[in-house]
Amino acid sequence: MGSVLKLGSKGDEVKQLQKLLNEKLKITPKLSEDGDFGKRTDAAVKQFQIAKNLGVDGVVGPKTWEALTSVATAPKPSPQVVATDSAPWMEYAKREIDQTEIPGKKHNPKILAYHATTTLKASDDETPWCSSFVNWVLLQANVAGTSAARAISWMQWGKSCGPIGGAITVIYNAKAANSALSSSGNHVGFLVQETATHYVLLGGNQSDKVKVSFFPKSSWMLRGYRWPKE
């Protein structure tokens, strides 16, 4: 088991940590395996801790080391993203899969276009953008969104519904607050599938990109499913 590492740590164990994070998270571009625990390594550790339902503090202690060094199990196959007549926006959402943040001073212009649909109109791709993505996608299907950058804003939009494919889904995890995923702990995306153990969402700002992700019910609370009013 490695030593306890955190922002500012240096040395061979940090190099090992960076190598494991590159392998586990498939970061693009990869972390420099230089032995310097800087801001990008800190952000990657927190992203990994969120994915593994660990305490999100950026500190690599025994539990984080154990999760990093455990033998990987076969990945879960992502359910098929289906656009229906009742949820035509899913086709637009699916086309955006793999849009990704650009590290450094440059910003993905597509993510800036997502932001432009909100009143915040953030000018970088680091500002949490899950709500911006949902707003942009709905507008492509001529459905008005909330125009708000806050995920929780969707709980006042449209009407309540059940776990329908394409439903705008708001979930909450207190441990995710102030992370790269969410500033509040709230997250919003489009429902692909609800299983006995997970909410499967197609959304933005999921591992810094548009993708289908599995959110475990053991750590994520459902705030609600929403649907456009007739």
Side-chain angles (χ1 to χ4, degrees), residues 47 50-53 75-101 110-111 114-115 117-118 128-177 179-230:
Q47 180 181 327
I50 290 171
K52 295 297 181 180
N53 193 26
K76 299 171 184 171
S78 294
Q80 184 179 2
V81 178
V82 178
T84 65
D85 290 343
S86 60
W89 51 83
M90 292 298 281
E91 183 61 36
Y92 297 99
K94 183 169 63 174
R95 293 175 192 171
E96 300 302 300
I97 288 175
D98 289 334
Q99 287 290 343
T100 307
E101 294 177 18
K110 198 58 177 288
I111 296 176
Y114 303 157
H115 280 315
T117 63
T118 73
W129 46 279
C130 62
S131 182
S132 298
F133 175 70
V134 174
N135 271 292
W136 183 90
V137 167
L138 288 178
L139 283 176
Q140 308 315 299
N142 297 314
V143 177
T146 66
S147 301
R150 297 179 302 113
I152 195 64
S153 67
W154 293 92
M155 290 307 299
Q156 303 300 318
W157 174 89
K159 61 184 180 181
S160 178
C161 67
I164 308 167
I168 289 76
T169 305
V170 183
I171 54 178
Y172 174 74
N173 180 352
K175 292 181 179 179
S179 69
L181 175 66
S182 172
S183 59
S184 63
N186 293 303
H187 180 65
V188 64
F190 298 102
L191 184 68
V192 176
Q193 181 182 356
E194 179 184 347
T195 73
T197 57
H198 289 79
Y199 302 108
V200 186
L201 304 185
L202 169 53
N205 201 34
Q206 296 178 181
S207 299
D208 297 334
K209 63 171 62 177
V210 178
K211 61 178 293 192
V212 174
S213 299
F214 289 74
F215 293 87
K217 291 181 176 180
S218 59
S219 53
W220 288 90
M221 177 188 78
L222 177 68
R223 288 205 183 274
Y225 296 118
R226 309 296 295 182
W227 198 262
K229 289 182 178 178
E230 296 297 332

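Note that the numbering runs from 1 along the sequence shown for the chain. Bear in mind that the values here come from a model prediction, so they are computed numbers and not experimental data.
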Please list, one pair per line, the donor and acceptor atoms closer than 3.5 Å that link side chains of residues 167-174 to other protein atoms, with sequence neighbours excluded.
{"from": "T169", "atom 1": "OG1", "to": "A167", "atom 2": "O", "distance (Å)": "3.1"}
{"from": "N173", "atom 1": "OD1", "to": "K175", "atom 2": "N", "distance (Å)": "2.9"}

inquiry  = A side-chain contact here means heavy atoms from C-beta on lying under 4.5 Å apart; do R150 and S131 qualify?
reply    =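 Sidechains of S131 and R150: no contact.
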Non-hydrogen side-chain atoms of F214 and P79 separated by less than 4.5 Å = yes
Heavy-atom pair of closest approach, residues [X] and [Y]:
X	Y	answer
W157	A144	NE1-O, 2.9 Å
C130	G204	CB-O, 3.5 Å
H115	P128	CE1-O, 3.9 Å
G166	F190	O-CD2, 3.7 Å
W227	S86	CZ2-O, 3.1 Å
P228	K159	O-CE, 3.6 Å

Could you list the residues that satisfy side chain to side chain donor-acceptor pair (under 3.5 Å) with [X], not counting sequence neighbours?
X	answer
W136	none
T118	none
R223	N186

request  = Evaluate the criterion side chain to side chain contact (heavy atoms under 4.5 Å, CB included) for residue pair V210 and L202; output intermediate values, then yes/no.
outcome  = CA-CA 7 Å; V210 178; L202 169 53; 4.0 Å; yes
query = Given the rule in the side chain to side chain contact (heavy atoms under 4.5 Å, CB included) test, do R226 and S160 qualify, once you have shown the distances and angles that lead to the verdict?
reply = CA-CA 5 Å; R226 309 296 295 182; S160 178; 3.7 Å; yes
Side chain to side chain contact (heavy atoms under 4.5 Å, CB included) assessment of K217 paired with T195 = CA-CA 9 Å; K217 291 181 176 180; T195 73; 5.6 Å; no
request  = Under the side chain to side chain contact (heavy atoms under 4.5 Å, CB included) rule, what do L191 and L201 come out as? Steps first, then yes or no, please.
outcome  = CA-CA 5 Å; L191 184 68; L201 304 185; 3.9 Å; yes
remark   = OG of S213 to CG of N205, rounded to nearest 0.5 Å, is 10.0 Å
query = Roughly how far, to the nearest 0.5 Å, is OG1 of T146 from CE of M155?
reply = 12.5 Å
ask   = In chain order, what residues pass the salt bridge (charged side-chain N to carboxylate O under 4.0 Å, His left out) check against K229, with sequence neighbours excluded?
value = none
task = Identify, with sequence neighbours excluded, every residue that meets salt bridge (charged side-chain N to carboxylate O under 4.0 Å, His left out) alongside K94.
result = E91
message = Any donor-acceptor pair under 3.5 Å linking the side-chain atoms of Q99 with those of Y114?
response =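 Note: Y114 and Q99 side chains miss the donor-acceptor criterion.
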message = Tell me which one of W129, W154, F215, Y199 satisfies ring pair (Phe, Tyr, Trp, His ring centres under 6.0 Å) with H187.
response = F215
